[in-house]
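Below: one structure, written as structure tokens.
Here is the naming used below: chain letters follow the sequence lines, and residue numbers restart at 1 for every chain.
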2 protein chains.
Amino acid sequence: MPRRSVAEAQKTRESILSRAVDVASLDGLEGLTIGRLAGELEMSKAGVIGHFGSKEALQIAALEEAAAVFTRVVWEPAAGEEPGLPRLRAIAEAWVAYLQGDVFPGGCFLTAASCEWDGRSGPVRDRVAATMDLWLDVLAREARGAGFEDPQQVAFELNAVAMGLNQRVQLHGDASAPDRARRAMERVLRPDAR
Amino acid sequence: MPRRSVAEAQKTRESILSRAVDVASLDGLEGLTIGRLAGELEMSKAGVIGHFGSKEALQIAALEEAAAVFTRVVWEPAAGEEPGLPRLRAIAEAWVAYLQGDVFPGGCFLTAASCEWDGRSGPVRDRVAATMDLWLDVLAREARGAGFEDPQQVAFELNAVAMGLNQRVQLHGDASAPDRARRAMERVLRPDAR
DNA sequence: CCTACCGATCGGTAGG
DNA sequence: CCTACCGATCGGTAGG
């Protein structure tokens, strides 16, 4: 018999991950230290890292958790829309709301992780790159369905606007930025580019 | 008499800063540790930090150095152009070339620093924010001179495209990204939005 | 999931 | 600009 039940251990693991994602969104996946996490959760370091095995495994688990949140908040609300332009517009709307809101305390986790890791190598960087590529592929697929001549261009530009919005919100607290992003995304999705 | 001349000390300081900017572009301003810098420059830690006083002062000096490089590489080549649309187009061209090239080994220093610090507080974060705001103001001023109705929108969108390009180059090694960014910037600068 | 510990590295300083 | 050092924290492990 384990000293704590499987269900209890699972709950602990989830609470660690939830805190890990918040910390990493503010201070980066490298700023996510085991000791800090243990202190904030009032656990021992061994108790924290025991659920993952290593800091790198914890970083990857946090990344996967953040990607799942992104999917739930940005993709899911749009998944019910008709493929193509209606779905792209719903994605754009949910994306801006996500970046404007406080899903993560430090802004878009994926943007932060990609900037932090794009100059490094190893499993974490590879996972960050694969996650971003997957999302750009989803966008390009919808743009293709919407009849755009160059769907990857649409994906590139929507992603760029999202990054720009995240910067203005997080760095400047710019209240006009979400509307600017909406206008920019609408222009990217204007059918005359098809 | 100092043991080394003022000119020699100045040269040492410059070599430290040059390396610091490269390291920070790859691993962030927080990944820039005094011990690592000392090791790579074959100096003592005291010798490195003595030129700046503290890690924070070193980080700010590296940021200022990077901003000076950005100005030289992106602004200077365009400064000779006629204000307004011609100058904006020259900036866009130089900006894409900068992001495509290897001015910094880890890509755009300012983008990396803004993502790293946008969730923190203190002097470094404030300096990063002020530097970005200054650049957006420059862009908006030129857009106003070019007759755009909403010059801040133009600045927002150009900056977004630059961030998107930096991500695609650094994270994916995407060779098609510079052309995509050029196309996106051209569309932002298309006179029909004036 | 805890205590107690490991070697390594962190930023920084004293003194020369 | 160096050596020698400080306390703090890093990731991680042994043993329970």
Check whether the ring centres of A/F70 and A/F109 lie less than 6.0 Å apart, and answer yes or no. no
Test item: B/Y98 and B/V69 side chains (from C-beta on) under 4.5 Å apart, heavy atoms: no
Can you tell me how far P of C/dC2 sits from CG of A/L41, to the nearest Å? 10 Å
All stems with DNA chain D, defined as three or more consecutive Watson-Crick or G-U pairs under 3.5 Å: C:1-16 with D:1-16
Heavy-atom pair with the smallest gap, counting every atom of B/R125 and B/D118: NH1-O, 3.0 Å
Check the interface with nucleotides 7-13 of chain D: list each N/O to N/O pair with the protein under 3.5 Å, or write none.
residue	atom	partner	partner atom	Å
D/dC10	OP1	A/T33	OG1	2.8
D/dG11	OP1	A/K55	NZ	2.9
D/dG11	OP2	A/I34	N	3.0
D/dG11	N7	A/K45	NZ	2.9
D/dG11	O6	A/K45	NZ	3.3
D/dG12	OP2	A/K55	N	2.5
D/dG12	O6	A/K45	NZ	3.2

With a 6.0 Å cut-off on the ring centroids, do A/W75 and A/W95 count as close? no
When you look at A/D137 and A/Q152, which way does the side-chain contact (heavy atoms from CB on, under 4.5 Å) test go after all the steps? CA-CA 8 Å; A/D137 284 349; A/Q152 290 183 27; over 6 Å; no
Under the criterion side-chain contact (heavy atoms from CB on, under 4.5 Å), I'd like the reasoning laid out for B/V73 against B/F104: C-alpha separation, chi angles, the key distance, then a yes or no. CA-CA 11 Å; B/V73 174; B/F104 301 118; over 6 Å; no
NZ/NE/NH1/NH2 to OD/OE distance under 4.0 Å, A/R183 and B/E157: no
With distance as the sole criterion, is a donor-acceptor pair present between the side chains of B/Q100 and B/R182 under 3.5 Å? yes
